[in-house]
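First comes the structure, then the notes that go with it.
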Amino acid sequence: MTVLLREVGFDPCEEFSTYQNEVLGQRGKYGAAISFVGTMRDFNEGHKVQAMTLEHYPGMTEKQLGQICAEAERQWEILDALIVHRVGMVKPNEPIVLVAVWSAHRAAAFDACRFLIEALKTRAPFWKKEQLHETTRWVEHNTPVN
Amino acid sequence: MTVLLREVGFDPCEEFSTYQNEVLGQRGKYGAAISFVGTMRDFNEGHKVQAMTLEHYPGMTEKQLGQICAEAERQWEILDALIVHRVGMVKPNEPIVLVAVWSAHRAAAFDACRFLIEALKTRAPFWKKEQLHETTRWVEHNTPVN
Amino acid sequence: MIKVLFFASFRERVGRAQGMIETSENLTVAEVWARAAAGTPLPQNTLVAVNLEYASLDQVVRNGDEVAFFPPVTGG
Amino acid sequence: MIKVLFFASFRERVGRAQGMIETSENLTVAEVWARAAAGTPLPQNTLVAVNLEYASLDQVVRNGDEVAFFPPVTGG
């Protein structure tokens, strides 16, 4: 279970592959891998967004994400999970978050991956501030699950 | 919506990235991407598996997968989907299938991705024959959803 | 002419991958199996496709159709 | 000493990122806000963490604790 915060742009595919090849180390055991990639869109609540700053609470972020991972591990039969999250200034089309889960069978991986991203969005202390054409605004709440 | 059958090994990350960069063409529109990667395990029903041959029904495979994609598109608000499936001889740890779905919001992508892989497993005409130590056997049924 | 295909374990069981049936009458899928499978009994859990779409054993098949028999699918 | 942190829009609203409270008594989280927020009323939907764990406004805070106030989180 690994949580990484990235201050510069990251490539979700590269993170996924590198982790699977170098860290997972259980080759032949995982039958399923699910990954979620959240990408910055250039439009939100009716306005064109030019950039975004992701603030977080160093220390609490890692602690909360670690707890979320541990809960997923207790609840589902998964082999490993990786969370990578951007902080700092993000531009449209750049990835914000990767959540990847490996398991022997697919149901556990799907369920755990979905749990992880929903829990991250409600519990991990990140905040988005959007840069619009001439002004900035804090994003007030996340998009609901449905 | 794209369905690809691969007769040689493929890299799910590369397929995902290439498709996203070159084909998706709706940059800034997708906020979420879910991908499922099914990998060949080296163990099944109590036996070590050395290799596997994936047979399929050319023509029907593409038609069924195309219909499944169209159903997903009707049922959820998704922007695009990509299915890549191996055929021929597969070795342990090699990817068998990639199902990737892009959408504006994550719930649709999760639901559609899960629908696609479950529908693929019940409707797409693929069959696995396992090579054990000294014998071969047809896989008789897929692992259930749970 | 009706084209008949057998896949996976059915191909091995029947001993052939495909065959052709010449007929002037319309046949059900079950009758196609009886004529093409060289005495092999129809397995339980048989899946059938007529012209690349799933079909039932009592579906009527016409000249020019393609009928395929196979076991439960195991892809993904 | 109690360390107090404000994040995101709360930081801007209060006008500071952090402060220290010297106190010999135990305070509730709500009392910590009242002392540290320089007259800013406590916003609705305030989230609180004490020592990196979520806490309620009536939780009692002790010397050496770190108390953080922030709006609903919007990561992912």
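Numbers restart at 1 for each chain; the letters A, B, ... are given by sequence-line order, proteins then strands. Just so it is clear, the model here is predicted, and its values are computed rather than measured.
B:E77 CD: 12 or fewer foreign heavy atoms inside a 6.0 Å radius. Counting non-hydrogen atoms of neighbouring residues, nucleotides and ligands closer than 6.0 angstrom, the CD atom of B:E140 reaches no more than 12 such neighbours. Surrounding CE of A:M1 are more than 12 heavy atoms belonging to other residues, nucleotides or ligands, all under 6.0 Å away.
You'll find the side chain of B:R114 stays beyond 4.5 Å of the side chain of A:R114, heavy atoms only.
Heavy atoms closer than 4.5 Å to chain A are found nowhere in B:A100, neither backbone nor side chain. B:K121 touches chain A through its side chain: at least one heavy atom from C-beta onward sits under 4.5 Å away, while N, CA, C and O do not. For B:F36, the parts lying under 4.5 angstrom from a heavy atom of chain A are both the backbone and the side chain.
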Validation: residues 2-14 of chain B side-chain donor-acceptor distances under 3.5 Å, sequence neighbours left out:
from	atom 1	to	atom 2	distance (Å)
B:T2	OG1	B:Y19	OH	2.7
B:R6	NE	B:E15	OE2	2.8
B:R6	NH2	B:E15	OE1	3.0
B:R6	NH2	B:E15	OE2	3.2
B:D11	OD1	B:C13	N	2.9
B:D11	OD1	B:E14	N	3.3

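The distance from the CG atom of B:D111 to the CZ atom of A:F110 is 9.5 Å, given to the nearest 0.5 Å.
In terms of non-hydrogen atom pairs under 4.5 Å with chain A, the most contact-rich of B:T39, B:V101, B:I96, B:V49 is B:T39.
Here the closest non-hydrogen pair linking B:R41 and A:K29 is CD-O, 3.4 Å.
Listed by first and then second residue, the ring pair (Phe, Tyr, Trp, His ring centres under 6.0 Å) pairs that reach into residues 79-100 of chain B are B:H85-B:F126, sequence neighbours excluded.
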